[in-house]
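Just the heavy atoms: all of them, side chains too, but no hydrogens, waters or symmetry mates, feed the values below. This chain uses plain numbering: 1 for the first residue, then up along the sequence.
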Amino acid sequence: GALVSLPFPMSSPVVLCSPELRARLGGLLTAYRIQVVAVADGAAIPGSFWGDSEAGLIGNALYLRADTPLHSALHEACHYICMDDARRATLHTDAGGDAAEENAVCYLQGLLADRIAGFDRARLFRDMDSWGYSFRLGSARAWFERDATDARIWLIEHAIIDSSGRPTGRLRKQERDGNTQ
């Protein structure tokens, strides 16, 4: 699966949330009702689960600084997209979710990375690998291409992507009585 390890050791540079990329990310996330909030350099990032420069989530606000890795911002945004309304309503710092949802989050990151001008899936995967994400097949790309069928199915079942694998621009469909609507 796409279980994530602590992202602190960084062996190579990663793409950071420059003002230009922050604006592009904000444009992409508008469809999902996520508000990108810039935090001053050196200030603590509200809602950051990992601390340091990692992105934070409180409600529909995605907090980041100029030194926040873009992959971190995308990951937290994808948590918001993939969680149910009940968790979204009380969201503060810890996105929660189970292993299946975490895999879906990682997969959706790959799809959305291609929708940010100046960034793409290949760069996202390199950044995830260098930041310390841990995948069964040894790399984010290998997992995405050869071991993520469960994540893709999960995203389709929750109407986050269509059957062709394209993001729908919608938040997770809600479930009632155990059935997805």
Do [X] and [Y] sit in the same hydrophobic cluster, where Ile, Leu, Val, Met, Phe, Trp and Tyr count as joined when their side-chain heavy atoms come under 4.5 Å apart?
{"X": "Phe119", "Y": "Val36", "result": "yes"}
{"X": "Ile81", "Y": "Met128", "result": "yes"}
{"X": "Ile45", "Y": "Leu74", "result": "no"}
{"X": "Ile116", "Y": "Ile160", "result": "yes"}
{"X": "Val37", "Y": "Leu28", "result": "no"}

So do [Y] and [X] actually touch side chain to side chain, heavy atoms under 4.5 Å?
{"X": "Leu25", "Y": "Leu64", "value": "yes"}
{"X": "Cys106", "Y": "Trp143", "value": "yes"}
{"X": "Leu112", "Y": "Leu124", "value": "no"}
{"X": "Thr93", "Y": "Leu57", "value": "no"}
{"X": "Arg87", "Y": "Leu91", "value": "no"}
{"X": "Gln109", "Y": "Phe144", "value": "no"}
{"X": "Leu70", "Y": "Val14", "value": "no"}
{"X": "Trp154", "Y": "Glu101", "value": "yes"}

Straight-line distance of Arg166 CZ to Ile156 CD1, nearest 0.5 Å: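 So the gap between those two atoms works out to 11.0 Å.
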Reported CG-to-CG distance for the pair Asp67 and Leu16, which is rounded to 0.5 angstrom: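 Separation between the atoms: 6.5 Å.
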Considering all heavy atoms, the nearest Glu54-Ser72 contact: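 In terms of heavy atoms, the two residues are closest at OE1-OG, 2.7 Å.
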Closest non-hydrogen atom pair between Ala44 and Pro46, with its separation: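 Heavy atoms only, the tightest pair is O-CD, 3.3 Å.
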Test side chain to side chain contact (heavy atoms under 4.5 Å, CB included) applied to Leu155 and Tyr107, step by step: CA-CA 9 Å; Leu155 290 165; Tyr107 192 88; 3.5 Å; yes
Output field: ring centroids His79/His75 closer than 6.0 Å: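 Yes, close enough.
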Distance flag, aromatic centroids of Tyr80 and Tyr32, threshold under 6.0 Å: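 Ring centres of Tyr80 and Tyr32 not closer than 6.0 Å.
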Look only at the side chain of [X] and the backbone of [Y], and say whether a donor-acceptor pair between them is shorter than 3.5 Å.
{"X": "Ser139", "Y": "Phe135", "result": "no"}
{"X": "Arg65", "Y": "Val39", "result": "no"}
{"X": "Thr68", "Y": "Ala55", "result": "no"}
{"X": "Arg88", "Y": "Asn60", "result": "no"}
{"X": "Arg141", "Y": "Phe125", "result": "no"}
{"X": "Asp94", "Y": "Gly96", "result": "yes"}

Residues Glu76 and Trp50: side-chain donor-acceptor under 3.5 angstrom: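 On atom types as modelled, these side chains do not qualify, holding no pair under 3.5 Å.
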Pair Arg126 + Asp129, salt bridge at N-O below 4.0 Å: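 So Arg126 does not pair with Asp129 through a salt bridge.
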Verdict with reasoning, Asp120 to Arg123, per salt bridge (charged side-chain N to carboxylate O under 4.0 Å, His left out): CA-CA 5 Å; Asp120 62 19; Arg123 182 58 203 234; over 6 Å; no
